[in-house]
Amino acid sequence: MSSDLSSHGEVAIPDASGAGDPIPDPGLPPHEPRLTDVDEQAAKRAERQVATLFGLAALLIIAFVVAYLVVPRHAAFLGFGASNLALGSTLGLALLFIGVGAVQWARRLMDDHEIVEERHSSSSSEQDRAEAIAVVRQGADESGIGRRTLIRRTLIGAVATLGIAPIILLADLGPLPGNKSAHTIWRRGTRIANDVTFKLLRPEDLELGQLVNAVPLTLEDLPEGKERNNARAKASVILVRMEENQIRALPNRKNWGVGGILCYSKVCTHVGCPVNLYERVTRHVLCPCHQSTFDLADNGRVVFGPAARSLPQLPIMVDADGYLVAQSDFTEPVGPSYWERG
Ligand code: FES
């Protein structure tokens with residue numbers, strides 16, 4: 001495809017024979033003159049309109065400066081800060097007028113002939129390619145890598161053993177967790193407390209459809225710092241209340257709840273973010289990190305997202321004083337699914 005530009009930017013329609021192209025180049029349509037191209041008076045009017053817009057913008061900028069200097073900072077106007085209102089409206093309108101003026105200038109007065117800019121082929125010539133191959137071959141000959149087999153083999157061995165270094169560095173990731181992630185501080189009879197106020201929770205504290213973030217009360221017995229934080233990270237739970245007839249508990253979980261209240265780990269089984277975006281109509285809880293969604297009415301089953309296993313459920317009951325307590329620790333590890341977990 002080729003084209004030429006005349007001194008006025010006129011484009012000669014490119015060769016539309018289509019030779020060698022899968023789709024023939026249709027070329028450019030003929031130029032349609034605008035009113036301002038053929039009517040001097042219309043062009044003058046357009047020029048005055050654009051100049052008026054730019055002039056108004058200049059006046060608004062001056063008004064902006066004046067407003068900055070004279071409008072008191074704490075004065076109010078129609079319930080808004082008068083200073084912000086004056087500064088925002090003058091500067092905003094000034095920018096708007098400059099933009100509209102520039103658009104009108106381009107649309108009505110600037111040359112609107114379409115042009116084609118040719119690009120040369122980006123592939124190398126046959127000669128360049130042949131020269132590049134010759135340079136590589138010459139380099140290989142001069143290095144002697146083809147003749148000196150001892151050097152070639154030891155070099156391959158050195159590069160291959162280089163891969164061992166990053167494997168050794170894996171040791172810096174720290175000791176394997178062992179079975180530490182398999183247990184939390186929940187025990188039979190551990191009372192369940194609000195995770196902010198540490199107020200003990202009774203069944204009547206939860207309304208239908210409510211979700212409460214909670215922790216074991218025994219967390220308070222641990223020394224503040226790393227140990228307590230680690231324990232809290234693993235033992236945090238969510239309590240939800242729903243209609244008892246909405247719960248589809250597995251046969252061995254029939255007595256894991258109290259009057260429609262169920263308790264689940266708060267740690268997402270994908271990569272461990274806290275789940276707590278609860279949708280009370282569907283009884284689904286969503287993890288905000290990658291949108292894994294768990295059905296709390298159905299044993300914490302994954303209904304959407306990358307999590308590979310259900311949200312672990314904590315069996316709960318009511319103690320003699322009427323407080324919600326755990327029946328035991330979790331019966332499975334909480335948190336992300338690793339390869340060592342069944
Ligand atoms: S951590 Fe919850 S979905 Fe990824």
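One-based numbering, in listed order, for ligands and for the atoms of each. Worth knowing before you read on, the calculation uses all heavy atoms, side chains too, and leaves out hydrogens, waters and symmetry mates. Owing to the predicted nature of the structure, the values given are computational and were not obtained by experimental measurement.
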Shortest-distance N/O/S atom, His270 versus atom 4 (Fe) of ligand 1: ND1
SB check Asp298 Arg283 (cutoff 4.0 Å): no
Enumerated ligand 1 atoms positioned under 4.0 Å from heavy atoms of Cys273: 1 (S)
Intermediate values then yes/no, side chain to side chain contact (heavy atoms under 4.5 Å, CB included), Ile151 and Ile145: CA-CA 7 Å; Ile151 289 181; Ile145 197 161; 5.9 Å; no
Atoms in ligand 1 flagged as close to Cys287, the criterion being non-hydrogen separation under 4.0 Å: 1 (S), 2 (Fe), 3 (S)
Ile192 vs Val325 side-chain heavy atoms within contact, under 4.5 Å: no
Ligand-residue contact atoms, ligand 1 with Ser292, heavy atoms, under 4.0 Å: 3 (S)
Cys268 contact mode with ligand 1 (heavy-atom cut-off under 4.0 Å): side chain
hydrophobic_cluster_shared for Leu314 and Val258, side chain cutoff 4.5 Å: yes
Heavy-atom closest pair, residues Ser292 and Ala307: OG-N, 2.9 Å
Closest approach to atom 4 (Fe) of ligand 1 by His290, given as the N, O or S atom name: ND1
